[in-house]
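Every chain is numbered from 1 and lettered A, B, ... according to where its sequence line falls, protein lines coming before strand lines. Please read these numbers as outputs of a predicted model, since none were measured by experiment.
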There are 2 protein chains.
Amino acid sequence: MKLLSQNEATEIDLKLFNDYKFSVDQLMELAGLSCAHSIAKCYSIDKLKNPNVLICVGPGNNGGDGLVCARHLALMGYNPVIYHPKQTDNMLYKNLTHQCLKMDIEFVENAPSIAEIDNTFSLVVDALFGFSFKPPVRPLFDDIMKSLIETNTPIASIDIPSGWHVENGPLDEMAINPDLLISLTAPKLCSKYFKGQFHYLGGRFIPLSLQKEYNLNLPDYLGTECCVKL
Amino acid sequence: MKLLSQNEATEIDLKLFNDYKFSVDQLMELAGLSCAHSIAKCYSIDKLKNPNVLICVGPGNNGGDGLVCARHLALMGYNPVIYHPKQTDNMLYKNLTHQCLKMDIEFVENAPSIAEIDNTFSLVVDALFGFSFKPPVRPLFDDIMKSLIETNTPIASIDIPSGWHVENGPLDEMAINPDLLISLTAPKLCSKYFKGQFHYLGGRFIPLSLQKEYNLNLPDYLGTECCVKL
């Protein structure tokens with residue numbers, strides 16, 4: 001299976017929107033759904049100490065995937081709690097946030113500390129930064145990044161472990177170490193440095209022609225599954 | 001489980017868009033996906049005489065669900081062929097059509113005859129008219145309705161068997177008789193007249209608060225399933 005560079009990931013994204021005319025709403029819904037499914041497969045709700053999942057939401061599309069994921073986790077019986085420090089005026093993000101609020105999903109104002117995470121949550125979803133990320137992390141995210149680096153609670157990272165270089169992986173010892181990585185559309189180069197328990201692929205929407213164009217060589221999704229274990 | 005009147009179905013739809021701020025793109029993607037999943041569960045591709053599925057697409061949201069369903073069926077290995085006689089200038093529908101065309105899904109110009117359907121296809125997806133339908137059927141759809149009424153090929157109807165009254169069911173003997181009915185969000189009143197083999201519920205996106213407001217009393221979706229057998 002091909003591992004994508006940052007440029008290739010950006011190109012594929014642009015082709016999906018410009019050539020294939022998908023809307024962000026459509027693909028984000030499918031991407032976030034596949035994240036929720038991957039999480040439910042790895043962390044079955046009846047085996048967790050509690051159903052509380054902290055969703056850390058960043059300012060871009062990775063954060064949008066996280067908001068969609070939170071909503072689908074709620075529909076599956078989890079109790080997502082969202083930390084979303086940099087909310088934007090973009091209508092899609094405002095609506096995704098509104099959908100969660102109207103579904104009584106809790107939002108917290110301040111970055112939860114390590115102790116708060118470990119005492120309260122069974123899982124953290126890292127939806128802070130995606131394949132467009134270029135270091136360094138902005139100061140607004142310092143607190144939550146520090147908590148994610150030091151927490152003992154398992155982390156599920158959406159597409160890219162936040163703070164990692166999209167191609168070169170963890171840049172120093174102070175890097176987050178997710179237990180689950182959910183690669184979307186195709187794994188990025190940094191995934192070869194992933195050392196967690198579970199690696200899933202989600203985002204079952206790439207047309208065959210685009211798969212061929214980029215020699216993605218994706219694994220087969222089984223039956224109706226929205227995600228596949230790598 | 002509650003069966004919805006036409007007014008209730010319309011009200012719930014409006015609340016999802018106006019109060020919960022979902023976009024049509026989002027919910028149509030989830031609805032169409034759940035239709036494709038229901039179909040794959042009832043008509044496993046390896047048990048069909050061929051993977052050819054005729055998708056009959058109407059001018060409204062039911063047709064949009066059909067276009068999304070076609071795309072997901074293609075991603076699961078089926079060979080959908082679309083008959084979409086009344087294409088509109090609405091950008092969402094143009095884009096949904098474009099996505100299918102770019103994925104090399106075939107569109108046919110003329111309504112397939114009964115013989116063409118029975119010789120060529122293993123299944124017909126009826127995405128002509130949904131819960132907003134009021135009789136009579138417009139003349140443009142007479143030919144395809146006649147074929148659907150008389151074909152021996154099983155029909156999977158999305159939400160409402162086309163031509164049926166949303167509350168009172170089949171209005172005369174010349175009515176289609178689907179083998180699978182996929183009710184979306186909640187079954188409508190006409191579903192009590194359904195006599196086919198499989199009845200599924202799809203569209204796992206209704207917030208609990210809205211379920212309670214309308215006493216929907218929906219069955220539990222299992223695990224990560226996007227649809228549930230009724």
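Nearest heavy atoms, B:G223 versus A:M76: O-SD, 3.6 Å.
Annotation: A:K86, atom NZ; neighbour count of heavy atoms from other residues, nucleotides and ligands within 6.0 Å does not exceed 12. The number of heavy atoms from other shown groups lying within 6.0 Å of NZ (A:K49) is above 12. By the neighbour-count criterion of 12 heavy atoms within 6.0 Å, atom CG of B:N18 is densely surrounded, having more than that number from other residues, nucleotides or ligands.
Proximity to chain A (any heavy atom under 4.5 Å) is shown, for B:D19, by both the backbone and the side chain. Looking at B:L96, only its side chain comes within 4.5 Å of chain A, counting heavy atoms on both sides. Only the side chain of A:L30 comes within contact range of chain B, with heavy atoms under 4.5 Å apart. Heavy-atom distances place no part of A:L27 under 4.5 Å from chain B, backbone and side chain included. For A:I206, the part sitting under 4.5 Å from any heavy atom of chain B is the backbone (N, CA, C, O) and nothing else. Neither the backbone nor the side chain of A:Y221 comes within contact range of chain B, judged by heavy atoms closer than 4.5 Å.
With a 4.5 Å cut-off on side-chain heavy atoms, A:H37 and B:C226 count as touching. The shortest distance between side-chain heavy atoms of A:K102 and B:K21 does not fall below 4.5 Å. With contacts defined as side-chain heavy-atom distances shorter than 4.5 Å, the pair B:L33/A:L33 qualifies.
Within the structure, salt bridge (charged side-chain N to carboxylate O under 4.0 Å, His left out) contacts touching residues 22-33 of chain A (residues at least two apart or in different chains) are A:E29-A:R71.
Ranked by non-hydrogen atom pairs under 4.5 Å with chain A, the options B:M91, B:E225, B:K94, B:H98 are led by B:H98.
Taking NE2 of A:H72 as the reference point, atom OG1 of B:T224 lies at 12.0 Å (rounded to 0.5 Å).
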